[in-house]
Amino acid sequence: MRSPEIVLKVVGVCRTTNFLTQLHSLTIRTYDTHLAAKITELYFELLPLQTARKLFDEIPHPNLYTCNRILQRFCGKNRYEEVSSLFTSMFSFEKVDHFTLLFALKACSALKATNFGKTIHGLGKKYGIIHSNMFLGSGLIDMYSKCGNMDDAFRAFEEYSKPDIVLWTTLVTGYEKNFKPEEALAVFTGMAMAHCISSDPITLVTVVSACTQLLNLKAGKSVHAHVFRMGYEGSLSLSNALLNLYAKSGSMFYAGNWFRVMEEKDVISWSCIISCCAHNDATDRAISLFDEMIYKGIEPNSVSVISALQACESCCNLNKGRQIHELAFHKSLELDKLVSTALIDMYMSCCSPQEAIIVFDRMPNKDPVSWFALLCGCVKNGMVNKSMQIFCDMMASDIQPDATVMVKILGACSELGVLQLTSCLHSYVIRGGFISNSFIGASVIDCYAKCGSLDEAIKVFERSTDKDVVIWSSMFAGYGIHGQARESIKFFHRMVTDSTVCPNKVTFLSILAACSHAGFVEEGIEFFNIMLNGYQLMPESKHYAIIVDLLARIGELDKAMCLINQMQSRVGVHVWGALLGACRIHQNAEIGEVAARNLLQLDPDHAGYYILLSNVYAVDGKWDDAAELRGSIKERELKKITGQSVVRL
DNA sequence: CTAGGGTTAG
């Protein structure tokens with residue numbers, strides 16, 4: 001077997017390294033370009049990168065065309081390390097062409113290797129092929145954009161005196177993908193004003209995406225009108241981009257209407273509308289749309305499954321969630337990390353942490369987000385010890401916790417109330433360099449306060465160099481927890497006079513809570529008014545709940561009721577709960593019934609409300625009503641969850 | 001052998 005043709009045929013079948021070594025020496029001797037091309041491909045396909053490069057360097061006359069083909073093949077397979085390595089070997093060539101550079105640029109984009117990209121840019125100039133065609137231009141702009149370097153992308157763009165539509169679009173897309181939607185629209189405007197350039201459907205997709213980022217419905221609509229004028233409504237991607245714009249701008253109405261009239265719909269369109277419904281309290285509609293999609297024979301992908309799972313999550317539809325899980329399993333979509341994480345979220349929100357843990361354990365490669373979902377879910381389900389365990393496992397698996405994880409775990413720790421653990425986490429926070437993050441600082445303060453050590457909380461507060469509104473608020477709350485409303489108020493004045501920090505809604509919530517905890521009725525009401533009139537902050541349900549509690553406690557039930565009637569925001573359970581609790585103390589069955597009826601409407605399965613109401617009846621002497629209520633608790637098989645609070649020093 | 005686009009996320 002001396003003929004290269006025969007060798008080539010054999011190469012296709014036999015792929016052992018041993019055989020490859022023999023072929024290599026043959027290739028070096030024969031100088032055959034076909035053989036060289038084929039074997040180059042095999043080196044990079046089968047051997048470790050370094051070995052492949054070494055062998056390739058020994059080949060006397062590799063052919064540019066075939067090397068380009070190999071680069072292209074590896075680009076198609078996303079094997080960019082190989083691309084970059086082979087390209088570097090090609091430096092010894094007398095000349096490479098724009099195809100070579102284009103594939104190399106693709107590798108730079110994927111590997112985010114800006115410096116290497118700049119080298120290629122320079123090579124292009126050296127070889128004088130930069131302006132040989134527009135392909136290299138868009139490749140350069142795209143490379144700089146994908147490396148997050150828009151300044152160089154723009155400079156590359158400026159090197160072309162007559163940019164074509166693709167070049168313009170690449171630049172617009174670069175700005176949009178780098179979260180600079182204003183710049184994207186500005187470039188688009190520049191393009192529209194440039195001579196002989198009119199936008200095409202692909203450009204408009206990006207323009208619509210920029211409008212979506214800006215939540216600029218008005219601009220988006222005018223693009224939509226332009227789409228109709230140009231007759232582009234047949235473009236599916238463009239239709240989907242518009243659908244996404246309507247969905248994201250919170251306009252379910254527009255989204256639904258546009259979805260209905262869209263000529264063609266694919267799985268992306270369906271995912272988009274399902275996600276829109278799931279995020280806008282139309283969970284049942286989201287689920288029925290998902291069913292409809294399946295019924296119509298549209299193959300679900302991970303995105304549609306995730307959106308449907310989110311719908312199940314927010315309406316606690318465990319059975320439907322399980323059904324979708326099964327579907328995802330059969331379609332092998334559970335392999336997608338985002339799907340698994342959505343499943344964990346769903347099971348955790350539907351109060352089935354065991355199933356969530358099973359999903360997590362099955363994940364072959366867990367990412368920080370899935371760890372976080374598991375940790376949050378355990379906290380949400382009251383499994384605080386378990387969440388601490390997860391935190392340890394996470395570090396044992398070499399996953400570095402980030403700021404969000406730290407905030408969550410500190411929250412869990414404050415619930416556990418173990419002071420030693422708090423100081424442990426505090427040291428970890430300092431060592432990890434997290435202490436400058438004000439959310440974490442505030443969590444540490446809160447954690448110390450809840451574990452009983454106000455002194456430590458104050459130390460952390462005084463030591464923090466950059467006290468922002470979050471840190472201050474956590475300190476007000478800390479004093480509040482310890483019943484020291486006086487100190488809390490003193491600190492509030494210190495903040496207002498000594499710093500430039502402006503209080504927000506959370507600040508007032510902390511202050512109000514402190515007043516409520518210490519029974520400072522007048523001060524509480526005064527702060528409520530300062531918030532409303534002094535700072536023009538709209539109180540939310542939680543603020544009202546505290547004020548209602550304060551008023552109701554001193555027996556001003558009518559005033560409290562009056563305040564509730566004035567509320568513009570949704571009246572939450574805490575507001576009615578505060579009122580009902582006070583009605584029991586002040587023996588007002590009339591208002592108590594109103595409060596209870598509203599409560600049971602908001603949360604029919606909460607045993608505590610039934611018991612509170614039955615107590616209201618009892619003190620009023622309405623024994624029959626009380627008995628009937630107690631009966632319905634038994635009927636519904638509701639159990640009162642007993643409260644516990646623990647501090648371990 | 002070659003370039004620009006749409007849905008998910010704590």
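Protein chains get the first letters and strands the later ones, always in sequence-line order, with residue 1 at the start of each.
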Exercise. With no hydrogens and no angle check, do the side chains of A:Ser307 and A:Ser271 hold a donor and an acceptor under 3.5 Å apart?
Worked result: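 There is no such pair between these side chains.
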For this session: Using the heavy-atom set of chain A and a strict 4.0 Å cut-off, write down the first and last nucleotide of DNA chain B that makes it in, 5' to 3'.
Result: B:dC1 to B:dG10
When all nucleic acid strands are considered with a 4.0 Å heavy-atom cut-off, which category describes [X]: base, sugar-phosphate, or nothing?
{"X": "A:Asp336", "result": "nothing"}
{"X": "A:Leu136", "result": "nothing"}
{"X": "A:Lys337", "result": "nothing"}
{"X": "A:Lys146", "result": "nothing"}
{"X": "A:Thr203", "result": "base"}
{"X": "A:Thr404", "result": "base"}

Exercise. Mind checking what makes salt bridge (charged side-chain N to carboxylate O under 4.0 Å, His left out) contact with A:Asp97, not counting sequence neighbours?
Worked result: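 Once residues adjacent in sequence are excluded, A:Asp97 has no partner under the salt bridge (charged side-chain N to carboxylate O under 4.0 Å, His left out) criterion.
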For this session: Using the test salt bridge (charged side-chain N to carboxylate O under 4.0 Å, His left out), find all partners of A:Lys331 that sit at least two apart in sequence or belong to another chain.
Result: A:Glu299
Exercise. Would one find more than 12 heavy atoms of other residues, nucleotides or ligands at under 6.0 Å from atom CZ of A:Phe329?
Worked result: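 No - once you tally the heavy atoms of other residues, nucleotides and ligands closer than 6.0 Å, there are 12 at most.
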For this session: Flag yes if more than 12 heavy atoms outside A:Phe93 fall under 6.0 Å of its CZ atom; otherwise flag no.
Result: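 Yes, enclosed.
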Going by ring-ring contact (aromatic ring centres under 6.0 Å, His included), name the residues that satisfy it together with [X], two or more places apart in sequence or in a different chain.
{"X": "A:Phe116", "answer": "A:Phe87"}
{"X": "A:Phe439", "answer": "none"}
{"X": "A:Tyr175", "answer": "none"}
{"X": "A:Phe253", "answer": "none"}

Exercise. Taking the six-membered ring for Trp, are the ring centroids of A:Trp371 and A:Phe391 within less than 6.0 Å of each other?
Worked result: no
Please list residues of [range] whose heavy atoms come under 4.0 Å from any atom in DNA chain B, ordered by number; otherwise none.
{"range": "residues 63-76 of chain A", "result": "A:Tyr65, A:Asn68, A:Arg69, A:Gln72"}
{"range": "residues 237-247 of chain A", "result": "A:Ser237, A:Asn240, A:Asn244"}
{"range": "residues 261-277 of chain A", "result": "A:Asp266, A:Ile268, A:Ser271"}

Exercise. Quick one: are A:Ser304 and A:Asn301 in side-chain contact, heavy atoms under 4.5 Å?
Worked result: yes
Exercise. Can you pull the side chain to side chain donor-acceptor pair (under 3.5 Å) pairs that have at least one residue in residues 343-353 of chain A, sequence neighbours excluded?
Worked result: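 Passing the test, one end in residues 343-353 of chain A: A:Glu313-A:Ser349, A:His325-A:Tyr347, A:Ser349-A:Lys380, A:Ser352-A:Glu355.
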Problem set entry | Listed once per pair and sorted, the side chain to side chain donor-acceptor pair (under 3.5 Å) pairs that draw on residues 139-149 of chain A, sequence neighbours left out |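 Those involving residues 139-149 of chain A are A:His121-A:Tyr144, A:Asp142-A:Lys146, A:Asn149-A:Asp152.
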